[in-house]
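Remarks on the structure that follows.
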Amino acid sequence: MHTLIIGAGPAGLAVAGELAYRKQPFVIIEASEYVGYSWRQHYDRLHLHTVKEYSALPHFPFPASYPTYPSRLQIVEYLEQYTAHFHIRPRFEQRVVSIRRNSAGKDWTVQTQTDTFTAEQVVVAAGYNRVPNIPDLPGQRDFRGIIWHSYEYRNGAAFRDENVLVVGMGNTGAELALDLLDYGARPVISVRRPINITRRDTFGRPTQRTAIFLNRFPNWFYDLVTGIAQKLTIGDLSAYGLGKPTHPASYDTRRGRIPVIDVGTLDKIKSGAIKVVPAVQQINARTVTFSDGRELPFDAIVLATGYRPGLADLLGPDLSQQVLNETGYPRRLWFTESTLKGLYFLGYSTPLTGILHNIGREAGSIAAAIAENNFVTT
């Protein structure tokens, strides 16, 4: 087998589409029963934070009838259309347990729970948010209300008239707080550090379009413009418990910290409808104590504490040390060392220009490298 793609989410499908476009052979495997599984499991209100024209996968635009920011279900529908268009036929229920260089040192061996695959090239596109990061907060086991991780949350219907603590304010935490409010809950967000926030639309223009334009310039200029825009549209949020970030969103993004793309949560915080508190110090039976000494009652807790890629578990300690950084993400798209040749990673970077936009571009680079390698070895 020339190429094995792991994962039939947007990243895996993008590479498959590029290879199909180039008439290159491949096999794609997926842990679940569906393409785009993670999008099927997200909370109901989720929409893209990036515009559709810069979020489509290679060689197949979103339907013209879709809105600027497609919904979760529209993304699922689009991924199904993409799969059909390129005649991509994933092998489902193939959960990978290990990726290893075989004993001959030429090919890669991928072991799933049921099968073994051998390939010259392996594209790991198993998902940026593959493994929920579930903390064990002090006293968590004593709490008598509901504790959910955000992956279990669909909508706020179950929390009407309840006090709900959302732990963490990334994009998910910010949106879940807004969703809880819409369903009649009383949400409070716990924030450990200053939050970098940018509006989804700035001065009537989608922020992503501006980010793509500014990405052509040196980092110092990009950061300067981003910082000025944040001051004008967001301002100093210290009075609301959100702190004042040291650097603009573009600077933090280059270091792996995704800014909050605001779709309305900030205005609700400023109005007092959504409260913000500092880090959790202790969870009690029916209350939570925070680092500033406050103790507040809660009926439920939602852990919006993010995810991990879980790649170290698949790669093993030796390979992980060679290809992953200190946070567990790949250092590069691919590696030139002979012992790592043929191993690719896609979907693990978080640029301000948009994850899907970046996936589309990088999928083309990976497919071109694979096609060249196949030509050489054929």
Side-chain angles (χ1 to χ4, degrees), residues 1-16 19 25-42 79 83 88-136 149-152 305-335 337-349 359 362-363 366 370 373:
M1 182 193 306
H2 277 311
T3 304
L4 178 71
I5 303 169
I6 301 173
L13 293 177
V15 174
L19 290 174
F26 63 89
V27 171
I28 180 169
I29 59 176
E30 163 60 35
S32 72
E33 300 176 78
Y34 310 99
V35 299
Y37 179 78
S38 63
W39 278 94
R40 296 172 189 270
Q41 303 304 308
H42 286 313
L79 295 177
T83 303
I88 300 168
R89 295 179 177 84
R91 295 181 60 173
F92 294 110
E93 297 185 322
Q94 292 288 339
R95 183 174 297 277
V96 173
V97 295
S98 70
I99 303 168
R100 300 288 188 272
R101 195 71 155 166
N102 66 18
S103 57
K106 179 183 178 183
D107 296 332
W108 294 92
T109 299
V110 175
Q111 182 67 51
T112 71
Q113 290 178 329
T114 58
D115 295 285
T116 301
F117 298 87
T118 301
E120 293 178 38
Q121 289 116 185
V122 173
V123 181
V124 182
Y128 184 88
N129 294 332
R130 194 172 73 90
V131 181
N133 181 37
I134 304 177
D136 187 9
H149 188 272
S150 59
Y151 82 87
E152 301 172 276
T305 46
Y307 297 79
R308 296 178 290 105
L311 293 176
D313 297 336
L314 304 182
L315 297 171
D318 293 340
L319 196 53
S320 295
Q321 188 173 13
Q322 296 178 72
V323 302
L324 303 181
N325 63 23
E326 62 280 0
T327 60
Y329 291 91
R331 293 191 180 98
R332 298 194 293 275
L333 287 180
W334 67 79
F335 299 83
E337 296 88 338
S338 59
T339 57
L340 302 175
K341 186 177 180 181
L343 184 62
Y344 302 83
F345 296 90
L346 182 63
Y348 297 100
S349 59
I359 282 174
E362 292 183 343
I366 288 175
I370 289 174
N373 189 51

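As a basis for the values below, the full set of heavy atoms in this structure was taken, side chains included, without hydrogen atoms, waters or symmetry mates.
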Item to check | Derivation and outcome, side-chain contact (heavy atoms from CB on, under 4.5 Å), residues Arg95 and Thr112 | outcome: CA-CA 5 Å; Arg95 183 174 297 277; Thr112 71; 5.7 Å; no
Next on the checklist: Does Leu13 form a side-chain contact (heavy atoms from CB on, under 4.5 Å) with Leu79? I'd like the steps, not just the answer.
Outcome noted: CA-CA 8 Å; Leu13 293 177; Leu79 295 177; 4.1 Å; yes
Checklist entry - Do the numbers put Arg101 on top of the ring of Trp108, so that NZ or CZ is under 6.0 Å from the six-membered ring centre and no more than 45° off the axis? => result yes
Next on the checklist: Closer than 4.0 angstrom, basic N to acidic O: yes or no for Glu337 and Arg332?
Outcome noted: yes
Checklist entry - Would a distance-only check, ignoring hydrogens and angles, find a side-chain to backbone donor-acceptor pair under 3.5 Å from Glu30 to Ala8? => result yes
Checklist entry - Arg130 versus Leu314: any side-chain heavy-atom pair under 4.5 Å? => result yes
Next on the checklist: Assess the residue pair Ile366 and Phe345 against the criterion (side-chain contact (heavy atoms from CB on, under 4.5 Å)); give the C-alpha distance rounded to whole Å, side-chain angles, the decisive distance to 0.1 Å, and a yes or no.
Outcome noted: CA-CA 9 Å; Ile366 288 175; Phe345 296 90; over 6 Å; no
Item to check | Distance, nearest 0.5 Å, that separates CG of Leu343 from CG of Leu319 | outcome: 6.0 Å
Item to check | Stepwise side chain to side chain donor-acceptor pair (under 3.5 Å) check, Ser98 with Gln111 | outcome: CA-CA 5 Å; Ser98 70; Gln111 182 67 51; 5.8 Å; no
Checklist entry - Taking all non-hydrogen atoms of both residues, which atom of Thr305 and which atom of Pro135 are closest, and how far apart? => result OG1-CD, 3.3 Å
Checklist entry - Looking just at side-chain N and O atoms, do Thr3 and Gln121 make a donor-acceptor pair shorter than 3.5 Å? => result yes
Checklist entry - For Ile99 and Thr109, what are the C-alpha separation, side-chain angles and deciding distance, and is it a side-chain contact (heavy atoms from CB on, under 4.5 Å)? => result CA-CA 6 Å; Ile99 303 168; Thr109 299; over 6 Å; no
Item to check | Pairwise distance OG1(Thr118) to CG(Leu4) - rounded to 0.5 angstrom | outcome: 9.5 Å
Checklist entry - Taking all atoms of both residues into account, what is the closest heavy-atom pair of Ala119 and Val122, and its distance? => result CB-CG2, 4.3 Å
Next on the checklist: Quick one, Leu315 and Val323 - any side-chain contact, counting heavy atoms below 4.5 Å?
Outcome noted: yes
Checklist entry - Going from CD on Glu33 to CZ on Phe92, what distance comes out if it is rounded to the nearest 0.5 angstrom? => result 9.0 Å
Next on the checklist: Counting neighbours of OH on Tyr329 that are heavy atoms of other residues, nucleotides or ligands and sit closer than 6.0 Å, is the number greater than 12?
Outcome noted: yes
Checklist entry - Less than 4.5 Å apart, any side-chain heavy atom of Leu311 and any of Ser320? => result no
Checklist outcome for this item: Of all heavy-atom pairs linking Ala11 and Gly347, the shortest is CB-CA, 4.2 Å
Checklist outcome for this item: Heavy atoms of Gly310 and Val131 approach each other most closely as CA-CG2, 4.0 Å
Checklist entry - CG/Asn325 to CZ/Arg331 distance, rounded to the nearest 0.5 angstrom? => result 6.5 Å
Item to check | Closest approach of Val35 to Arg40 (non-hydrogen atoms, all atoms of both residues) | outcome: O-NE, 2.9 Å
Checklist outcome for this item: When rounded to the nearest 0.5 Å, the distance separating CZ of Arg100 from CG of Asp318 is 8.5 Å
Checklist entry - Heavy atoms, side chains only, cut-off 4.5 Å: are Leu19 and Ile5 in contact? => result yes
Next on the checklist: Please determine whether the number of non-hydrogen atoms from other residues, nucleotides or ligands lying under 6.0 Å from atom OH of Tyr34 exceeds 12.
Outcome noted: no
Next on the checklist: Show the nearest heavy-atom pair for residues Ala14 and Ile359, with the distance to one decimal.
Outcome noted: CB-CG2, 3.7 Å
Item to check | Residue pair Thr339 / Gln322, side-chain heavy-atom distance below 4.5 Å | outcome: yes
Checklist entry - Of all residues at least two apart in sequence or in a different chain, which pass the side chain to side chain contact (heavy atoms under 4.5 Å, CB included) check with Pro132? => result Ile134, His149, Tyr151, Tyr307
Checklist entry - Nearest 0.5 Å, what's the CD1-CZ distance between Ile28 and Arg89? => result 12.5 Å
Checklist entry - What is the ring orientation for Tyr128 with Tyr348, classed by angle as parallel under 30°, tilted 30 to 60°, or perpendicular over 60°? => result tilted
